[in-house]
Amino acid sequence: MSDFMLPDIGEGIVECEVVEWRVNEGDEIAEDQPVVEVMTDKALVEITAPEAGRVTRLYVAKGDIAKVHAPLFAYEATGEVEFETPPRPAAREEDEVVSPAAEAPPPDGRAATSAKAKDFILPDIGEGIVECEVVEWRVGEGDEIAEDQPLVDVMTDKALVEITAPEAGTVSKLHVAKGEIAKVHAPLYAYVPAHAEPGEAQVDLGQPSPSAPQAAQNRVAPVASGGRGPYGRIPASPAVRRLVREHGLDLEVVAGSGKDGRVLKEDVLRFLEQGPQQQGEPPAARPASPAPQSETPSGAAPSRHAAGEVRVEPIRGVRAVMARRMVESASTVPHFQYGEEIDVTELLALRERLKPAAEAQQVRLTLMPFFMKALALAVREEPILNARLNPEVSEIHYLPEVNVGMAVDSKAGLIVPNVKRVEQRSVLEVAREIQRLTAAAREGRVAQEDLKGGTISISNIGAFGGTYAAPIINVPELAIVAIGKSQWLPRFDERGEVVRRAIMTVTWAGDHRVIDGGTIARFCNAWRGYLESPETMLLHLG
């Protein structure tokens, strides 16, 4: 019998209400069959069966609150052998008062069976994602783990995702090795919960259990200090995180008054009214993450990398998606390239004047918000740059919102999150959103919603020192621009005198099926006009 653990169903969500059970105890279920509906503070979510079988127990009644990473229901998989997975004891609440003598482990220090360990089922980690690659295990078999401790990094085709422990216990088996593919709704690892009876606490790894001092050394005790939860995380609900973002704050600066340093709505409102309070001594340092399990046995010779040896690395995750999409775009879309120089001297001066005001609101003001805002204004004159084609290439769909994507070189690979509704935002709001997306992209933890719905893209190669580039369109968009670095170059002014000006090169790529040279030139001229005379953007404030 297996327990189905309620998976992560949204950023910051730790619990939800059971709205409706679609099955009863004893019912047969099929793989992917809807089993229960739960309500978070964002939406109604449908939970489906991980595999075919029979429901044996519903742990959370309708109307009650279910906890993320806690058992939601139990089931027997089709074809499951009874002796391989003994049934759960009928009275779990009595586990803590069972006589230790009655549950003592065998004299040899091993467990009577390893079947009492619980499997951690890989949850849904993104829309449409059915598998992911195990990038790094942070623990090994036999290691003790604490609740919410990071255990493994996995790579989807969108981002790097960190999987944490649902509860304290001991890892008994890693089902998927580093570099291999893990399936959603399949076991990722097995562990024995810390609250299990002594007979379960011993893990059968085919070797004697570690000694008490070694087990104590492997144990990691979460620490909550300075307003942080275990392992440096700051617990807060999605509503609170949204409130923090709306006011341009960092969650780290708000002292939490809830359990484990959880930041409550009242804490944010108090901070906004009173400002930061003296917190005394700096928060204690975060506990160190457990060292990753060494892959080379002690005393063994290091891996051989002889001179000239070919190193083979599979293309997976974000890089695999990038490879497929770039080939698709370059081979199916005829690209039209258009280059231009833009004098950004006045724009640089304006940014310097506005930077102190932005920094006062904890926003880093770069040139990118101005690029995006000017682009959204230029779309009014040539809306086809913000359109897309239907699959049959028989219709042009003009989009009502300008969602500007920005190519980010993250550690997971190239990803393009986008700032939504740029035409409705102020420059400061755009800057704040760019700051959030860039930080998330650098960590490889961009939300799926931030990656969808882009209408036009910017690639800032100038950040790496590049001057010119020929960008590839991010299909199904119709245009992309590569921005080069700004250089101080000599130019003639209106009196014919040589002056020092900041010149930036840009290179546009348009879908030549619907965008011709004249269209992209007119669009670029309008865009350039806003950037060279940034004060003209004031005329279009709504």
Side-chain angles (χ1 to χ4, degrees), residues 1-10 13-40 44-95 111 113-125 129-132 151 163-167 169 171-176 182-197 199-200 203:
M1 186 173 69
S2 302
D3 281 343
F4 178 87
M5 301 295 182
L6 180 62
D8 290 312
I9 49 180
I13 294 176
V14 297
E15 63 183 19
C16 57
E17 177 188 354
V18 172
V19 176
E20 189 69 48
W21 281 103
R22 303 274 192 89
V23 295
N24 296 311
E25 294 182 358
D27 286 358
E28 299 289 333
I29 53 175
E31 183 176 359
D32 287 333
Q33 173 184 335
V35 174
V36 61
E37 291 179 349
V38 298
M39 176 67 76
T40 72
L44 189 67
V45 179
E46 184 178 77
I47 305 293
T48 60
E51 57 185 324
R54 184 176 64 86
V55 177
T56 58
R57 184 174 179 182
L58 306 180
Y59 290 119
V60 184
K62 176 180 176 180
D64 288 349
I65 300 300
K67 303 288 186 180
V68 169
H69 295 160
L72 185 60
F73 64 91
Y75 69 98
E76 289 179 351
T78 301
E80 195 174 55
V81 181
E82 183 178 355
F83 67 83
E84 291 180 343
T85 308
R88 172 183 283 268
R92 292 292 298 180
E93 54 270 15
E94 296 179 4
D95 287 351
T113 175
S114 62
K116 293 183 180 179
K118 298 168 65 174
D119 278 339
F120 177 88
I121 306 299
L122 181 62
D124 291 313
I125 49 180
I129 294 175
V130 296
E131 64 182 19
C132 57
L151 300 185
I163 305 294
T164 58
E167 57 184 323
V171 177
S172 58
K173 186 173 183 180
L174 306 180
H175 291 303
V176 184
K183 302 289 187 181
V184 169
H185 294 160
L188 184 61
Y189 64 90
Y191 69 100
V192 176
H195 59 70
E197 53 266 16
E200 290 182 315
V203 183

Would you say [X] and [Y] make side-chain contact, with heavy atoms under 4.5 Å?
X	Y	result
V19	V38	no
P193	K118	yes
M5	I121	no
V55	N24	no
L151	I163	no

Aromatic ring pairing F120/H69, orientation class (parallel under 30°, perpendicular over 60°, tilted between): perpendicular
Could you tell me how the ring of W21 sits relative to the ring of F73: parallel (under 30°), tilted (30 to 60°) or perpendicular (over 60°)? perpendicular
So, S172 side chain and A190 main chain: donor-acceptor pair closer than 3.5 Å or not? yes
Spell out, as yes or no, whether a donor-acceptor pair under 3.5 Å connects the side chain of T56 to the backbone of A74. yes
Measuring from atom CD of E31 to atom OG1 of T48, what distance do you get when rounded to the nearest 0.5 angstrom? 8.5 Å
From T78 OG1 over to E51 CD, what is the distance, rounded to the nearest 0.5 angstrom? 7.5 Å
Walk me through whether D119 and H175 qualify under side-chain contact (heavy atoms from CB on, under 4.5 Å). CA-CA 9 Å; D119 278 339; H175 291 303; 2.9 Å; yes
Can you name the residues that form a side chain to side chain donor-acceptor pair (under 3.5 Å) with [X], not counting sequence neighbours?
X	answer
E46	R22
Y191	E167
E25	none

Working for side-chain contact (heavy atoms from CB on, under 4.5 Å), residues C16 and L6: CA-CA 10 Å; C16 57; L6 180 62; 3.6 Å; yes
Between D3 and Y59, is there a side-chain donor-acceptor contact under 3.5 Å, judged purely by atom types and distance? yes
Return the minimal non-hydrogen interatomic distance between [X] and [Y], and the atom names on each side.
X	Y	result
G26	R54	O-CG, 3.5 Å
L122	L188	CD1-CD2, 4.1 Å
A61	V18	O-CB, 3.7 Å
I29	A49	CD1-CB, 3.9 Å
A66	L72	CB-CD1, 3.9 Å

